[in-house]
Amino acid sequence: MARIMSLRDAVAELVRDGDTVALEGFTHLIPFAAGHEIIRQGRRDLTLVRMTPDVVYDQLIGAGCAARLVFSWGGNPGVGSLHRFRDAVEHGWPGPLELEEHSHAGMANRYVAGASGLPFAVLRGYRGTDLVERTATIAPITCPFTGEELTAVPALRPDVTVVHAQRADRQGNVQLWGITGVQKEAVLAAHRSLVTVEELVDELTPVPGDVVLPSWVVTAVAHVPGGAHPSYAQGYSVRDNEAYRRWDAVSRDRDAFTAWLDADVLAAGAPA
Amino acid sequence: MSSAETTTETTAETSAEWTADEMMTVAAARQLHDGTACFVGIGLPSTAANLARATHAPGLVLVYESGCIGAKPDRLPLSIGDGVLADTADAVVSVPEVFNYWLQPGRIDVGFLGAAQLDRFANINTTMVGGTYDAPAVRLPGAGGAPEIAASCREVVVVVRQSPRTFVRELEFVTSVGFGSGPGDRERWGLRGAGPRVVITDLGVLEPDPSTCELTLTSLHPGATVEQARAATGWDLRVAADVASTRPPDADELRVLRALNATLRAGS
C-alpha cells in the first residue's frame with residue numbers, strides 16, 4: 001500500500017545518493033516540485049533517466065545532482081537549448097556528465113521491458129544511425145521466426161521513479177489523464193515510486209481515458225498542489241509557456257543560474 | 001523554435017511582400033495532402049502542418065509524438081505536449097503506443113523533420129557539432145523521435161534553412177537516416193519507409209536524384225538564385241537541368257500563416 005507522506009519525507013526516504021532516478025512526464029505532469037526537493041536535499045551522483053530531460057533536469061544537472069544522464073532528447077521544448085545540460089557536456093560544469101543516448105522509441109521500449117519484467121525489448125529502429133556505435137545499450141538481434149535483423153534494448157529498472165498526477169485517494173490509488181507519456185511504464189518498471197498529486201480525495205471519480213495506478217504498485221504519494229509548474233496538470237492548470245521562455249535567459253549564465261537556485265529553490269524550502 | 005520570431009524581420013533575400021521563412025513554410029505546407037497522416041515535429045514542421053490543415057488540407061491528420069493523434073489546434077503549440085493538442089485530438093495515447101502501434105508499422109504517410117546538419121543524401125545530425133562526442137563544441141538536443149520517423153514513415157519531408165553550416169559535406173554524427181551513402185542502404189538496413197522525398201529550404205526545393213539518391217536543386221523560390229543556393233551548400237550542389245520557380249505564397253496562405261504565428265507570439 002502506498003503511504004501518504006510529505007514531499008520532504010518521501011524524497012528523504014526514497015531517493016538516495018548514487019541512485020538511478022527517473023522523473024517522467026511528457027511535457028505534461030512533470031514533477032518539478034519533487035525535482036527541487038531532490039536539489040534541496042543535496043543528492044549527488046545520481047543517474048538521471050528521462051526521455052526528454054527538459055528544464056527540470058537542466059536544474060538538477062546545474063545543481064550538481066547528476067553524474068550520468070540516460071535520455072533521448074535534451075532541449076527546452078519550443079524554446080531552444082538546455083544551457084545547464086550543454087555546460088555540463090561541453091565544459092564539465094559543475095561536473096562532468098556521462099551520457100547514455102537513445103531515441104524516444106528506444107527509451108519508451110526500455111521502460112516497457114522494465115514494466116513487463118523482461119530483460120530487453122525489441123524494436124525496428126536505430127539501424128544506419130551512429131547511435132548504434134555510440135550507445136552500449138543498443139544491440140542487433142535476429143528474429144528467431146523470420147530472420148529479420150532488429151534492435152534490442154535492455155530493460156530500464158530505475159531505483160526510483162517520480163511522477164506527478166492529478167489526484168489520489170487516501171489509500172494511495174492514483175489517477176492521471178491527458179498526455180500520459182511513459183509514466184505508467186516508468187512507475188511499474190521502478191523498484192520504488194513516488195507520485196506527487198494535485199489533489200487528495202476520499203473517492204476517485206473515473207475520468208475518460210485515465211490511467212489508474214493502484215495503491216499497491218506505488219510506494220508513496222505526496223500531496224503537492226501545483227507540483228508540476230511550469231508544466232501543467234490537465235484539468236487543474238495550463239502550461240506556463242512564459243516560464244519556459246524565461247528559463248532560457250536564467251540558464252545561459254552560471255551566475256544567473258546560481259542566483260535562481262539560491263532564491264527559488266534553496267531558500268524557498270519544501271512545500272508543507 | 002524561432003520561426004515566429006523571425007517572420008517579421010526583413011532579410012536580404014526577401015521580397016517586400018513576404019519573408020524567406022514565410023515562403024519556406026508555405027512551400028512545406030503544400031507538400032502535405034488532404035486525408036493523409038503526418039507525424040509532426042515542433043517548430044517549422046508544426047507551423048507548416050497547421051498551415052496546411054487551415055488551408056488546402058482540412059482533413060490532414062496531425063500526429064504528435066506526445067501521443068496526440070488527430071490534433072486540431074486553433075493556435076500554434078509551443079511544445080509537442082501542449083494542452084491544446086490533447087484537448088483537440090481524436091485520441092491521446094501513451095508514448096510507447098504512439099511509437100510502437102502507430103509509427104513503427106508504417107501507418108503514417110509523411111514524417112516532417114527539421115535538421116541541425118544535413119548531408120547530400122539527406123542524412124540528419126541533431127546530436128553534436130565540433131570537438132568529440134564526449135566533449136563536443138556544441139551539444140544539440142539529440143534524437144528524440146526522429147530516427148524512427150525517418151525509418152518508418154512512408155516518406156519524409158525535411159524543412160530546414162539552407163546555409164554552409166547546415167548543409168555540410170560530412171555529418172559529424174548520423175542521428176537519423178536519409179539515404180545513407182546512396183541507393184540500397186535503406187533496404188539493406190531494413191528501413192521500411194521510402195525516405196526523404198523532398199527538402200524545403202528558405203531558398204528552394206531539393207529532391208533526391210532517382211538513380212543516385214543525391215539531393216538535387218529542382219526549384220528556386222522567387223528572388224533566390226542558383227549561385228545563392230550553391231553558396232549556401234557545403235558540397236558541390238547538383239542542380240536540375242530545368243530548375244522550376246516556386247509559386248509565391250498567395251494572399252490566403254500568407255493571411256492564415258501570419259494569424260497562426262501571431263497565436264504563438266501571444267503565448268497561451
Side-chain angles (χ1 to χ4, degrees), chain A residues 25-28 51-52 54 71-75 77-82 85-86 89-92 98-99 101-109 111-112 123-131 134 148-150 177-185 209 211 231-232 234 238-239 241-242 244-245, chain B residues 1-2 42-43 65-68 77-83 85-87 91-96 98-100 103-104 123 125-128 131 133-148 151-152 171 173-177 180 185-186 188-192 264 267-268:
Chain A
F26 207 86
T27 310
H28 178 221
M51 290 186 64
T52 53
D54 57 8
F71 77 113
S72 42
W73 190 87
V79 178
S81 287
L82 290 180
F85 159 65
R86 282 186 54 178
V89 176
E90 294 168 12
H91 307 114
E98 190 188 329
L99 300 182
E101 184 162 2
H102 279 269
S103 68
H104 279 350
M107 286 291 287
N109 279 292
Y111 279 125
V112 169
L123 65 155
R124 184 186 288 120
Y126 286 121
R127 298 191 65 204
T129 76
D130 285 344
L131 288 162
R134 179 53 61 183
E148 184 181 359
E149 191 167 330
L150 299 159
W177 64 88
I179 292 173
T180 56
V182 288
Q183 284 97 309
K184 180 166 82 174
E185 291 78 10
V211 171
S231 86
Y232 69 106
Q234 184 134 17
V238 295
R239 192 171 188 265
N241 284 338
E242 199 43 51
Y244 281 87
R245 292 189 178 105
Chain B
M1 299 291 287
S2 57
I42 209 66
E65 66 192 17
S66 54
C68 298
L78 181 67
S79 77
I80 45 101
D82 197 305
L85 300 178
D87 286 339
V92 181
V93 303
S94 73
V95 168
V98 81
F99 281 99
N100 286 349
L103 181 60
Q104 188 169 256
N123 302 298
N125 173 18
T126 55
T127 298
M128 47 76 66
Y133 179 85
D134 294 315
V138 179
R139 174 64 222 196
L140 301 166
E148 278 79 18
S152 302
L171 295 185
F173 194 97
V174 178
T175 314
S176 306
V177 174
D185 274 1
R186 290 187 66 90
R188 194 157 51 79
W189 287 322
L191 309 181
R192 294 271 173 112
L264 185 57
S268 55

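Reckoned from all heavy atoms, side chains included, excluding hydrogens, waters and symmetry mates. Below, chains carry the letters A, B, ... as their sequence lines are ordered, and counting in each starts from 1.
Your options are A:Gly75, A:Ala105, A:Gly178, and the one with the most heavy-atom pairs under 4.5 Å with chain B is A:Ala105. Residue with the most contacts toward chain A among B:Leu140, B:Thr175, B:Val138, B:Thr127: B:Val138 (heavy-atom pairs, distance under 4.5 Å). Most heavy-atom pairs under 4.5 Å with chain A, from the set B:Pro136, B:Ala151, B:Ala146: that is B:Pro136. Of the listed residues B:Gly142, B:Gly144, B:Gly67, the one with more heavy-atom pairs under 4.5 angstrom with chain A than any other is B:Gly144. Contact tally against chain B (heavy-atom pairs below 4.5 Å) for A:Ser103, A:Gly92, A:Gly106, A:Gly125: the top residue is A:Ser103. Listed options B:Asn125, B:Asn100, B:Asp185 were ranked by heavy-atom pairs under 4.5 angstrom with chain A; first place goes to B:Asn100. Most heavy-atom pairs under 4.5 Å with chain B, from the set A:Thr52, A:Asn109, A:Leu82, A:Thr180: that is A:Asn109. Top candidate by heavy-atom pairs under 4.5 Å with chain B, chosen from A:Gln234, A:His91, A:Gln183, A:Lys184, is A:Gln234. When A:His28, A:Arg124, A:Glu98, A:Arg86 are compared by the number of non-hydrogen pairs under 4.5 Å with chain B, A:Arg124 comes out ahead. In terms of heavy-atom pairs under 4.5 Å with chain A, the best-connected choice from B:Ala137, B:Gly81, B:Pro141 is B:Pro141.
If you measure heavy-atom distances from A:Met107 to chain B, you find no contacts under 4.5 Å at all. Of the atoms belonging to A:Val89, heavy atoms from both backbone and side chain fall under 4.5 Å from chain B. For A:His102, the part lying under 4.5 angstrom from a heavy atom of chain B is the backbone only. Contact annotation for B:Arg186: neither backbone nor side-chain heavy atoms come within less than 4.5 Å of a heavy atom of chain A. The contact between A:Glu148 and chain B is made entirely by side chain atoms (from C-beta outward), counting heavy-atom distances below 4.5 Å. With a 4.5 Å cut-off on non-hydrogen atoms, A:Tyr111 does not touch chain B at all.
Listed here is the closest heavy atom pair of B:Leu264 and A:Arg245: O-NH2, 3.2 Å. Nearest heavy-atom pair, A:Val182 versus B:Pro96, reported as atom, atom and distance to 0.1 Å: CG1-CD, 3.6 Å. When all heavy atoms are compared, the tightest approach of B:Asp82 to A:Thr27 is N-CG2, 4.2 Å.
Taken from CE in A:Met51 to CD in B:Glu65, the straight-line distance is 7.5 Å, to the nearest 0.5 Å.
With contacts defined as side-chain heavy-atom distances shorter than 4.5 Å, the pair B:Val92/A:Ile179 qualifies. Contact check for A:Thr129 versus B:Phe173: no side-chain heavy atoms found under the 4.5 Å cut-off.
A distance-only check finds no donor-acceptor pair linking the side chain of B:Glu148 to the backbone of A:His104 [under 3.5 Å]. Remark: side-chain polar atoms of B:Tyr133 are not paired, donor with acceptor, to backbone N or O of A:Arg134 under 3.5 angstrom. Side chain of A:Glu90 to main chain of B:Arg139: a donor-acceptor pair is present (N/O by atom type, distance under 3.5 Å, no hydrogens or angles).
Each of B:Ser79, B:Ser66, B:Ser94 was compared with A:Phe26 under the side chain to side chain contact (heavy atoms under 4.5 Å, CB included) criterion, and only B:Ser66 meets it.
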